[in-house]
Number of protein chains: 2
Amino acid sequence: MGPDGAAPPRGRPRGGPRLTREKVLEAALMLVDRGGTEALSMRSLATELGVDAMSLYNHVANKDAVLDGIAELFLGRIDLPEPTGHWQRDVRALAAAFRRTAAQHPRAAPLVLTRQLASFKGLVGTESVLGILHAAGFPPEEAVHALRTVLAFLVGALLREVSSGPTFSGQNLGDLVERREELENSGLPHVARAAPHLAACNHEEEFDFGMDLLVAALEQRLRTRKRLPRRD
Amino acid sequence: MGPDGAAPPRGRPRGGPRLTREKVLEAALMLVDRGGTEALSMRSLATELGVDAMSLYNHVANKDAVLDGIAELFLGRIDLPEPTGHWQRDVRALAAAFRRTAAQHPRAAPLVLTRQLASFKGLVGTESVLGILHAAGFPPEEAVHALRTVLAFLVGALLREVSSGPTFSGQNLGDLVERREELENSGLPHVARAAPHLAACNHEEEFDFGMDLLVAALEQRLRTRKRLPRRD
DNA sequence: ACCTGAACACCGTTCAAGT
DNA sequence: ACCTGAACACCGTTCAAGT
């Protein structure tokens, strides 16, 4: 789909550095990686590419298309691990791969986590998960439910990881512990008691906890499903 | 905390309609509810309130503070259900309450789901969950892990629900089913087979599936935890 | 076919001035 | 103490013009 035929430059056959949709998006991702979404404007992007702002519109429809393109680039950067046949491990490995890319592009990650893309790129990850769950014994409908549940967790977890970014990591939480007695007096006894655990947040540990929980639940579901048809 | 003393108007004692932080934020939420985040600007907000744009800065620090304020308002609108003592039901009820508010303010919801707030408002929900999990038998540390896992799922699930809003609900997914043979040929056989289930998305059903999964997993964890200390 | 520059209709925010 | 208007330094995008 789409006008992606991208004929090679015809004028100068040798070393044409010409502007390209690809180049525009790569530069855009770099700008976001460097300075966050707010550092990306059509004008800053043009400057980065040494070109007039309006030239960009020959390769992308508008700024929104640039943001979609960054998300697509992000998805392409995820290298999907080869399934091993052990579905629990495979699901976890896939989630970990997504997470790794988010760690490499923390400021671009919200673009992928927040917008819904019509891209085919997103489907290859979907394909992989569905394949794994199918091999595990989940029928298609339940596999889709499981996929969506894991994806929802992934989105929420990664969004938390990347947006507590380098700016103020757990700063307000740090205050929390110190105000402990204040919390107890304001009717928040459980928050007060859990304050040390609320103040600390080891992202990897939290991520693993959640994935453990989900995988365990899926496993349990699979067991009861296998038992039923046999009609013991 | 904060300069919220808010002395009553002194000039005209009677019926002063004066601008207020509260009024500014209410108007801001209304604008977002009506036209989405992009309809909110300091200037449109001022116009809505029949005032010069600069007057707003007497009540809020800047636009970012307005967005935080909207999120706070949102949190305040959630009416937390009274715990019944049945923790599975209580956790679910709490999540459902959050979800209900998101349904009432679909365009404002991303503000709450996306930014991390330093507000005390967020803590009362936390308190509630921790209380429920404590009563269920979870020690504080594990309760915090569980809270974060459920919250991550909640964020991801609601983000999907609200951003596939009235604009193009499942439109690209609709195409999916029709391209079935195309999908099979492009190496996406599992996507092809699950296409009808991928194309449809009953948000409530998906939400319940995920919550069921999480609650079941927590229950299982609680059981093994209870068995262990007894050292059978 | 691709790039350019001026121009339009917006932004958030500062600052000096009003009352 | 609160509100105002002009002004600054930005935006995304259209359009007519260049080559």
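Note on naming: letters A, B, ... go to the chains in the order of the sequence lines (proteins, then strands), and numbering restarts at 1 for each one. Note that these values count all heavy atoms, side chains included, but never hydrogens, waters or copies made by symmetry.
Residue contacts shown for B:Ser55 include a base, since a base heavy atom lies under 4.0 Å away.
The existence of a salt bridge linking A:Glu161 and B:Arg148 is excluded, since no basic side-chain nitrogen approaches an acidic carboxylate oxygen closer than 4.0 Å.
A:Lys23 has its side chain out of reach of A:His59: every pair of non-hydrogen atoms, C-beta onward, lies at least 4.5 Å apart. The side-chain heavy atoms of B:Asp64 and B:Arg115, taken from C-beta on, include a pair separated by under 4.5 Å.
Between A:Phe207 and A:Phe153, the shortest heavy-atom distance links the atoms O-CZ, 3.9 Å.
For the pair A:Lys63 NZ and C:dC11 C1', the interatomic distance rounds to 12 Å; values are reported in whole Å. Straight-line distance from the CZ atom of A:Arg43 to the C1' atom of C:dG5: 11 Å, rounded to whole Å. Between B:Met54 atom CE and D:dA7 atom P the separation is 15 Å, expressed in whole Å. For the pair A:Asp64 CG and D:dT13 C1', the computed distance is 13 Å after rounding to whole Å. A straight line from CG of A:Asp52 to C1' of D:dA16 spans 14 Å, rounded to a whole angstrom. Between the CZ atom of A:Arg21 and the P atom of C:dC2 there is a distance of 15 Å, given to the nearest Å. To the nearest angstrom, P of D:dG12 lies 9 Å from CG of A:Leu45.
Nearest to the side-chain atoms of A:Asn58 among the listed nucleotides D:dG12, C:dC2, C:dC11 stands C:dC2. Side-chain proximity of A:Met42 to D:dC2, D:dG12, C:dT13: nearest is D:dG12. Proximity note for B:Asn62 (side chain, C-beta onward) versus C:dT13, D:dG12, C:dG12: the nearest is C:dT13.
The environment of A:Gln104 atom CD is dense: over 12 non-hydrogen atoms of other residues, nucleotides or ligands sit within 6.0 angstrom.
The residue among A:Leu56 and B:Ala61 whose nearest nucleotide of DNA chain C lies closer to the 5′ end is A:Leu56.
Side-chain N/O atoms of A:Tyr57 include one lying less than 4.0 angstrom from OP1 or OP2 on D:dT13. OP1 or OP2 of D:dC3 sits under 4.0 Å from a side-chain N or O of B:His59.
Nucleotide C:dG5 forms a pair with D:dC15, judged by Watson-Crick or G-U wobble geometry with both contacts under 3.5 Å.
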